[in-house]
S.K.: 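My questions all concern the structure below.
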Number of protein chains: 2
Amino acid sequence: MVTEDRATADRQTQWLRGVLDLAVLATLQSAGTSYGYALIQSLTEAGILDLKGGTIYPLLARLEQEGLVSSEWRAGHGGPGRKYFTITATGREVLIRSAAGWTDFSARIGSILGGALSRGGR
Amino acid sequence: MVTEDRATADRQTQWLRGVLDLAVLATLQSAGTSYGYALIQSLTEAGILDLKGGTIYPLLARLEQEGLVSSEWRAGHGGPGRKYFTITATGREVLIRSAAGWTDFSARIGSILGGALSRGGR
DNA sequence: AGATCTAGTTGACGTTGCTATCTAGTCGAT
DNA sequence: ATCGACTAGATAGCAACGTCAACTAGATCT
């Protein structure tokens, strides 16, 4: 089922804070190099739905400003030029450290939520 | 190790968005009833560090305004009065639905981050 | 009286994802 | 030739919410 209820959709925009940049870095790490429009598609396929350009492009600009990615313009394949991004060494460090932190955090939250649901499910 | 690096501490404030309210509801569900100051302690023990009153109290006010919790003043045990909160039926519904959504979300993010880290660890 | 712990409130602030709108290149159909 | 449709990116304004900082206030102990 692709359609999610509104409550979840509303919450996703909050859940993405502090995580979307990591997801972008991770995608860049996997893909080697990519550009904004394609990143939206990749993340959508990975289950991060409804991402819009107004979210991704400023984010990529922030990442570049912080030195976590570098960019280069290239011609598009039947379309406008594309701004390709590559993760930097600094970006990889941040990704590794932050991803570990997030894994811990999400596990802690998971146990808080899971504990309540199993004990209170009745 | 209790001390976390600054990067993770900074990120936690973002990671809490859209999740902290669920964590509070879940804690309330587990505890049956509790009050702000004690909730901070409970969540700290559960691994959500550095929560401040300026975060919890406005959050509880929002939850009450939305009808997800109800409150009642009672005398404190050697200290000022306490405002006890209890989760409502609506709160339980929201908790169950949203917790399920969060579990899905965090799994998706986990696989995006995990995929990149294992493939890109080299 | 002062200090400390408990307990709660409030206003200002900053980050960041979202909305909406804009420019612009390519291509197919009418 | 023109009109969408798709690709690709930029940006101004908005709103939500966790944090910071400062405050009130009760209880207890020295």
Side-chain angles (χ1 to χ4, degrees), chain A residues 6-25 33-44 48-66 68-69 71-85 98 105 109, chain B residues 6-24 33-44 48-66 68-69 71-85 105 109:
Chain A
R6 195 177 170 297
T8 298
D10 280 356
R11 284 190 178 271
Q12 176 174 283
T13 126
Q14 317 227 68
W15 292 338
L16 284 176
R17 284 177 181 257
V19 180
L20 183 55
D21 54 349
L22 299 182
V24 166
L25 288 176
T33 194
S34 189
Y35 54 98
Y37 194 83
L39 282 167
I40 293 178
Q41 294 174 325
S42 301
L43 290 168
T44 298
I48 312 300
L49 309 178
D50 302 319
L51 282 182
K52 300 296 166 50
T55 298
I56 288 292
Y57 296 116
L59 168 60
L60 286 167
R62 283 199 302 275
L63 291 178
E64 186 170 19
Q65 213 171 355
E66 293 165 9
L68 308 186
V69 302
S71 73
E72 180 197 2
W73 279 96
R74 296 186 211 163
H77 296 266
R82 300 167 177 172
K83 198 174 185 178
Y84 280 86
F85 293 89
S98 301
F105 174 81
I109 295 294
Chain B
R6 196 175 170 295
T8 298
D10 280 356
R11 282 187 182 272
Q12 177 176 281
T13 125
Q14 317 228 68
W15 290 340
L16 285 175
R17 286 176 182 256
V19 180
L20 183 55
D21 55 347
L22 299 182
V24 166
T33 193
S34 189
Y35 55 99
Y37 195 82
L39 282 166
I40 293 178
Q41 295 173 327
S42 301
L43 291 168
T44 298
I48 312 300
L49 308 178
D50 302 319
L51 281 182
K52 301 296 165 49
T55 298
I56 288 292
Y57 296 116
L59 168 61
L60 286 167
R62 283 199 302 276
L63 291 178
E64 185 170 20
Q65 213 171 354
E66 293 166 9
L68 307 186
V69 302
S71 73
E72 180 197 3
W73 280 96
R74 296 186 210 162
H77 295 267
R82 298 168 179 172
K83 198 173 183 179
Y84 280 86
F85 293 88
F105 174 82
I109 296 295

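All values below come from the heavy atoms of this structure, side chains included, with hydrogens, waters and symmetry mates left out. Chain letters run A, B, ... following the sequence lines, proteins first and then strands; every chain starts at 1.
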S.K.: How far does CH2 of A:W15 sit from CG of B:L22, to the nearest 0.5 angstrom?
M.R.: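 If we round to the nearest 0.5 Å, A:W15:CH2 and B:L22:CG are 6.5 Å apart.
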S.K.: For A:T13, answer base if it contacts any base atom (sugar-phosphate contacts may also be present), sugar-phosphate if it contacts only those atoms, and nothing otherwise; contact means non-hydrogen atoms under 4.0 Å.
M.R.: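 The residue A:T13 makes sugar-phosphate contact but no base contact.
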S.K.: Would you kindly give the CZ-to-C1' distance between A:R74 and D:dT7, to the nearest whole Å?
M.R.: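 Roughly 17 Å, once rounded to whole Å.
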S.K.: Is B:Q14 close enough to C:dT16 that one of its side-chain N or O atoms is under 4.0 Å from OP1 or OP2 there?
M.R.: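 The answer is yes; a side-chain N or O of B:Q14 sits under 4.0 Å from OP1 or OP2.
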S.K.: Where the side chain of A:R17 is defined as all heavy atoms beyond and including C-beta, which of D:dG9, C:dG17, D:dT19 is the nearest nucleotide?
M.R.: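 It is C:dG17.
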S.K.: Report yes if at least one side-chain N or O of A:Y57 is closer than 4.0 Å to OP1 or OP2 of D:dA10; otherwise report no.
M.R.: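 Indeed not, no polar side-chain atom of A:Y57 lies that close.
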S.K.: Rounded to the Å, how far apart are B:Y37 OH and D:dA25 C1'?
M.R.: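 Spelled out: OH on B:Y37 to C1' on D:dA25 is 14 Å.
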S.K.: I want to check one thing: is the phosphate of C:dG8, taken as OP1 and OP2, less than 4.0 Å away from some side-chain N or O of B:Y35?
M.R.: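 No, outside the criterion.
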S.K.: Whole-Å distance between D:dG18 P and B:I48 CD1?
M.R.: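 Those two atoms, CD1 and P, are 12 Å apart.
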S.K.: On DNA chain D, does the nearest nucleotide to A:G54 precede the nearest nucleotide to A:G79 from the 5' side, or the other way round? Give the residue.
M.R.: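 Of the two residues, A:G79 wins.
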S.K.: Just how far is it from atom CD1 of A:I40 to atom NZ of A:K52, taken to the nearest 0.5 Å?
M.R.: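 Between A:I40 CD1 and A:K52 NZ, I get 9.5 Å after rounding to 0.5 Å.
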S.K.: Can you tell me how far P of D:dA16 sits from CG of B:L63, to the nearest Å?
M.R.: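 That distance rounds to 15 Å.
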S.K.: If we only count heavy atoms from C-beta on, is the B:L20 to A:Q14 side-chain gap below 4.5 Å?
M.R.: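 No - every pair of side-chain heavy atoms lies 4.5 Å or more apart.
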S.K.: Should B:K52 be listed as having a side-chain N or O under 4.0 Å from OP1 or OP2 of D:dA21?
M.R.: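 Negative; the distance criterion is not met.
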S.K.: How about A:Q12 and B:F105: do any of their side-chain heavy atoms sit closer than 4.5 Å?
M.R.: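 A side-chain contact exists here, since the closest heavy-atom pair is under 4.5 Å.
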S.K.: Mind checking if A:G36 touches a base, just sugar-phosphate, or nothing, with heavy atoms under 4.0 Å?
M.R.: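 Sugar-phosphate: the residue A:G36, judged by heavy atoms under 4.0 Å, touches backbone atoms but no base.
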S.K.: Take the protein atom CG of B:L59 and the nucleotide atom C1' of D:dG18, then report the distance between them rounded to whole Å.
M.R.: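 Distance, rounded to whole Å: 10 Å.
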S.K.: Quick check against the 3.5 Å criterion: does A:T44 have a side-chain atom that pairs as donor or acceptor with the backbone of A:L49?
M.R.: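 Such a contact is absent between A:T44 side chain and A:L49 backbone.
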S.K.: Heavy atoms under 4.0 Å, any strand shown: does B:R82 hit a base, just sugar-phosphate, or nothing?
M.R.: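 Touches sugar-phosphate only.
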S.K.: Return the 5'-most residue of the pair B:T55, B:Q41 with respect to DNA chain C, ranking by each residue's nearest nucleotide.
M.R.: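 Going by which nucleotide is closer to the 5' end, it is B:Q41.
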S.K.: Specify the separation, in whole Å, of atom CG of B:L39 and atom C1' of C:dG8.
M.R.: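 From B:L39 CG to C:dG8 C1': 13 Å.
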S.K.: Please report, rounded to the nearest Å, how far the P atom of D:dT7 is from the CD1 atom of A:I56.
M.R.: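 About 16 Å, once rounded to whole Å.
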S.K.: Expressed as a whole number of angstroms, how long is the span from B:H77:NE2 to C:dA7:P?
M.R.: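 For the pair B:H77 NE2 and C:dA7 P, the rounded distance is 9 Å.
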S.K.: Does a side-chain N or O of B:R62 approach OP1 or OP2 of D:dG18 to a distance below 4.0 Å, or not?
M.R.: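 Answer yes for this pair, as a side-chain N or O of B:R62 is under 4.0 Å from OP1 or OP2.
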